[in-house]
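Working notes for the structure below.
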Amino acid sequence: MKIPVSVESVAMETNDIKRFRIKHRFNEPLPEIHPGAHILTYLPSNEGVIIRPYSLTNRTTDGRYEIAIKLVQKSRGGSFRWHHSVTVGTELEISFPKNILKPELLGRHHVFYAAGIGITPFLTMLHWCKETGRSFELHYGASIKEECLFYGYLKESFKSETRFYFSRERRKERIDYYCSLQRHPIGTHVYICGPPSFIENIINAAKNLGYPRERIHFEAFRSNQIKTKTSPFKVKIEKKCVPVKEDQVLLDVLNENGLSIPYSCRVGQCGTCEITVKKGDVLHQDSFLTEKEKLSFMLPCVSRGKGLIEIDHNSLNLI
Amino acid sequence: MYSFPFPFEEGQSHYFYKNNAVQMKNRTTVQITPNYLKEMKLKRDTIIKNPERCFVALDHTYEAQWEATLYIAKELALRYPDTFTMTSRKYGFTLNNHLLKEEVRFDYKVNKEPLNDIGKHVQEDLILMFQREGQLFLDAGQLCFPSNWSLAFNKGMAFMDIHRPVPGFQEGQLDRRIERFLLHLCPGDPFERSNWSLMAGETLNTHLETFPEWGKKRYSVTEDTVGNYVHVRVEVQKLHRLPKTYTILFTIHTHLLSLKELSKDLNKANQLYTILLSLPKPIEEYKGITPYKSHVMNYLEGVL
Ligand code: HEM
């Protein structure tokens, strides 16, 4: 279900990050949100609707949502549009708030590791921890203070829980994950958001230190989702053969062709759009399926085929 | 207009397990049927007699109970404006139930079991599933009309363990796949499914705890009584992810229809007959149909 909204205000947060406040077009309060939630934005453009996920950095008491968007260099789609053609009053649609990170209700201690724009999903989680008296800490890496999103706010609201690391300030610092992870008590839940290498390094460190998989939560860095080089391929469903152009997403092509595959995150992380592959080679790009599952399933929101792939139509309405 | 939710898909001619949950078009959690008053009385009587059987809640469920309570109350007021009105208050809201002629206050400071309180105004059983460390747990619920299971026993139990008694449910990792499906359920995108069985008698409050009382009815079905006495029991189950606490609200509405009534539609009688023929023995036993199945088959053959 989509919610009709319009942009209520736009603010320049740093050099390349804008913050947008969004309200319901009929002024109803937008749904309450779970800490860590994101929305999908459906922005109309000449080239069709641009669908992008963005973390909610805040839900105001009067039921508005806020998102922060970094202008990605070389961006042709999402962030470029948002920065250059969205102004106060722009109308668009959004999804209901969804969540991948999900704070652990009974976690003993919560530790957040953020790099750059990766801070965005954590703002509502930090707020939740504070408000409900939970034990938490934030480790936040950025290049310099001026580029550090929400620096002032974090310093003011979570002073004793936050540690900043600036890699290009006079005193150069980076997060020492090993050292940091080692200090947390048993029962700690770790949440990671940033570029892929950042996530990978911390996950590996945590695994090596014996953190159970269920206590490591992460969310892929959103602006990196658009792979630069993709190739066209074909997909066969029942007896029909449909081409997928290099700039098309398989999930969208399938749904435009009369299927109604449910989806959620569109970044290959939640598994909702999982389909069964009968034949052909798949270029998996998700971070959800296990190696074994990749032999028979794929997530069409991010993964693509090579040449021709065939989809098991019968499996579609099963899950 | 009320109609009995016939549980089989068009053309379905044999019994098999799958995740039969489908996206819900009207996005509702509850339904008011002509049996409302009768069932509310039974529900409340059952709660008064055996409260520990009908409601459980772990401590951390309080916020989610409130979210579910508001979610349901808002829906009642919106969909049944002649029957329910809801007025916001400083610390909660007031619900006017015009069918029961009641005015009930829901107050954050007073109601410690809001789910149990709102449950007294709807025919559904209300279960809350909490996600912890990648699994779903039944940490709160109101259950008055169960199909032979115990809330007290299942309290705090994981989805996979809850379904352990269901024969064949682990085959092809169906249980895991269904759990994964549930883990990915999103706010604003609810699903529904139905579950069916047959039962001897017309009892809604068939708790596992009282099995000795109602279970023996399975042996008292006769050739003469089968049509009126044996009922098709259908549970319409709805799954909503609540946006604020990310709890899953699982509502179960149980409907009963006698074989005789069902058989007024020969197509339906025929489909039930066909599916019963193909019902695997372990599932037939699990559903408790075995003791009187031959009577049912003979009856349906007579009708057809
Ligand atoms: C998330 C909420 C759910 C809860 C709390 C729940 C709970 C239960 C319980 C308590 C039973 C009875 C087990 C017993 O005999 O002790 C049961 C049976 C069953 N459940 Fe679920 N369930 C849920 C969701 C689902 C879903 C989503 C599916 C399938 C898509 C499913 C499929 C079944 C089936 C097939 C049975 C056997 C019923 C029969 O054959 O009569 N359940 N469930």
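Remember, it's a predicted structure, so these values are computed and weren't measured experimentally.
- One distance of note links CZ of R180(B) with CD of E274(A); it measures 5.0 Å at 0.5 Å rounding.
- Listed by sequence position, F130(B), Q131(B), R132(B), E133(B) are the residues of residues 125-133 of chain B in contact with chain A, using a 4.5 angstrom heavy-atom cutoff.
- The local environment of CZ in R176(B) is sparse, with at most 12 non-hydrogen atoms from other residues, nucleotides or ligands closer than 6.0 Å.
- More than 12 heavy atoms of other residues, nucleotides or ligands sit less than 6.0 Å from atom CD of E52(B).
- Other residues, nucleotides and ligands place no more than 12 heavy atoms under 6.0 Å from the CD1 atom of I186(A).
- Annotation: K112(B), atom NZ; neighbour count of heavy atoms from other residues, nucleotides and ligands within 6.0 Å is above 12.
- Only the side chain of H189(A) comes within contact range of chain B, with at least one heavy atom under 4.5 Å from a heavy atom of that chain.
- Annotation: H127(A), atom NE2; neighbour count of heavy atoms from other residues, nucleotides and ligands within 6.0 Å does not exceed 12.
- For a residue to count as touching a neighbouring chain, one of its non-hydrogen atoms must lie under 4.5 Å from one of that chain's; by this rule L105(A) touches chain B with the side chain only.
- In this structure, the side chain of Y246(B) engages the main chain of N99(A) through a donor-acceptor pair within 3.5 Å.
- More than 12 non-hydrogen atoms from other residues, nucleotides or ligands lie less than 6.0 angstrom from NZ of K130(A).
- When all heavy atoms are compared, the tightest approach of P97(A) to P187(B) is O-CG, 3.1 Å.
- No more than 12 heavy-atom neighbours from other residues, nucleotides or ligands sit within 6.0 angstrom of CG on D59(B).
- In the displayed structure, Y108(B) atom OH is contacted under 6.0 Å by more than 12 heavy atoms of other residues, nucleotides or ligands.
- For residues 207-215 of chain A, the interface with chain B (any heavy-atom pair closer than 4.5 Å) comprises E214(A), R215(A), sorted by residue number.
- Atoms CZ and CG, from F137(B) and L106(A) in turn, are 9.5 Å apart once rounded to the nearest 0.5 Å.
- Between L183(B) and K102(A), the shortest heavy-atom distance links the atoms O-NZ, 4.1 Å.
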